[in-house]
Amino acid sequence: MPLLFRRVKDLRNHLRSLRCDKGFSIGFVPTMGYLHEGHEALIRKSKVQNDVTVVSIYVNPTQFGPSEDYDRYPRDLERDMALCEDLGVDVVFAPPDEEMYPMGFQTEVYVKGLSDILEGKFRPGHFKGVATVVLKLLNIVQPDRAYFGEKDYQQLKVIETMVRDLLLPVEIVPVETVREPDGLACSSRNVYLSKEERESALSLYRSFLVAEDLISKGERRAEVIKKKMEEFILSHPHVTKVDYVEITDPDLRPKERVEKGDRILLAVWVGSTRLIDNWKVSL
Ligand code: AMP
């Protein structure tokens with residue numbers, strides 16, 4: 001079993017001895033738990049690149065809006081610990097809220113601009129919560145490398161920007177999105193979906209194929225591609241709303257004409273579940 005820590009001080013002491021006395025490199029995978037194949041890919045990469053792998057499991061309340069799914073977010077530490085053991089994780093950090101946000105906590109990290117577009121428009125304050133908790137976790141673990149999934153592409157960009165701007169001594173390693181065999185991106189939130197909703201949720205992935213098909217036939221106008229994708233997604237039962245479909249360059253600047261390497265990002269409600277996904281244009 002991996003060693004399980006609940007307290008910042010205990011984890012710091014343990015990692016200090018691995019880092020300083022033994023000279024081990026440390027890889028860090030921050031998660032909200034309820035681990036799946038996407039998390040697994042991050043952990044496997046960390047295992048290859050580092051002597052020690054630390055996984056945090058923490059459903060961070062400050063990145064959820066008041067009407068979001070914080071309370072019902074799936075949690076199962078026992079199952080996560082068993083999976084971490086199978087994967088050879090060395091250390092799990094699962095702090096209680098009072099350890100991360102003790103009384104009097106009043107500092108936030110705000111990555112301007114990037115935090116206010118796309119997801120940020122629909123989830124005000126979300127990336128402030130993410131950047132703040134990730135900076136705290138990085139300061140606790142002090143890893144050589146930290147692993148983030150492209151599944152949450154905007155989050156990856158926010159973290160990369162924070163690390164660059166604040167000169168944090170850590171390498172951010174992106175990991176490609178892991179999908180179910182039929183194309184649905186792995187997500188802890190997929191457990192919310194009924195069988196019928198899961199079928200309709202496939203429209204997110206398939207809309208990327210619709211886009212690739214249009215592009216391969218010569219269409220380059222982002223407006224036209226976005227409209228066709230949205231129509232396609234909305235033609236599925238249980239899809240209640242498309243929050244956005246956007247096409248941007250790799251740094252999330254909107255594009256009018258699509259090129260290889262651009263990103264297509266979307267957020268869609270299927271029943272009462274909000275799903276996000278994104279795609280790199282391959283041409
Ligand atoms: P979460 O537990 O959802 O906060 O995710 C923890 C980390 O796993 C984040 O860096 C996510 O981007 C990453 N992740 C989540 N789902 C996937 C996936 N399907 N493929 C790759 N990485 C993922």
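First listed ligand is number 1; within each ligand, the first listed atom is number 1.
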Option whose closest heavy atom lies nearest to [atom], chosen from [options]:
| atom | options | value |
| --- | --- | --- |
| atom 9 (C) of ligand 1 | His39, Lys151, Gln155 | Gln155 |
| atom 19 (N) of ligand 1 | Ser188, Cys186, Gly149 | Cys186 |
| atom 4 (O) of ligand 1 | Glu176, Gln63, Met32, His36 | Met32 |

*Does the distance from a Lys or Arg side-chain N to an Asp or Glu carboxylate O, for Asp116 and Lys112, drop under 4.0 Å?*
no
*Verify side chain to side chain contact (heavy atoms under 4.5 Å, CB included) between Gln154 and His126, making sure each step is shown before the conclusion.*
CA-CA 11 Å; Gln154 190 176 359; His126 169 66; over 6 Å; no
_Restricting to non-hydrogen atoms, name the atom on Phe127 and the atom on Ser115 that form the minimum distance, rounded to 0.1 Å._
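Looking at all heavy atoms of both residues, the closest pair is CB-OG, 3.5 Å.
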*Which pair of non-hydrogen atoms, one from Ala131 and one from Met162, has the smallest distance, and what is that distance?*
O-SD, 3.6 Å
Where on [X] is there a heavy atom closer than 4.0 Å to ligand 1, on the side chain, on the backbone, on both, or on neither?
| X | value |
| --- | --- |
| Pro30 | backbone |
| Leu156 | neither |
| Glu37 | neither |
| Arg179 | neither |

*Would you check if there is a donor-acceptor pair between the side chains of Asp90 and Thr53 at a distance under 3.5 Å?*
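No pair is found: no donor N or O on one side chain lies under 3.5 Å from an acceptor on the other.
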*Nearest to atom 20 (N) of ligand 1, what protein heavy atom do you find, and at what distance?*
Val178 N, 2.8 Å
*asked:* Tell me the protein heavy atom at minimum distance from atom 3 (O) of ligand 1, and give that distance in Å.
replied: Tyr73 OH, 3.9 Å
*Once the angle between the rings of Tyr70 and Phe64 is folded into 0 to 90°, is it parallel (under 30°), tilted (30 to 60°) or perpendicular (over 60°)?*
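Rings of Tyr70 and Phe64: perpendicular, over 60°.
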*Check the angle between the aromatic planes of His236 and Phe232 and answer parallel, tilted or perpendicular using the 30° and 60° thresholds.*
perpendicular
*Interfacing atoms of ligand 1 (cut-off 4.0 Å, heavy-atom, Phe148)*: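 Contacts of ligand 1 toward Phe148, numbered from 1: 10 (O).
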*Say whether Asp152, considering both its backbone and side-chain N or O atoms, lies within less than 3.5 Å of an N or O atom on ligand 1.*
yes
*Answer yes or no for Arg72 and Tyr192: cation-pi contact, defined as NZ/CZ to six-membered ring centre under 6.0 Å and angle to ring axis within 45°.*
yes
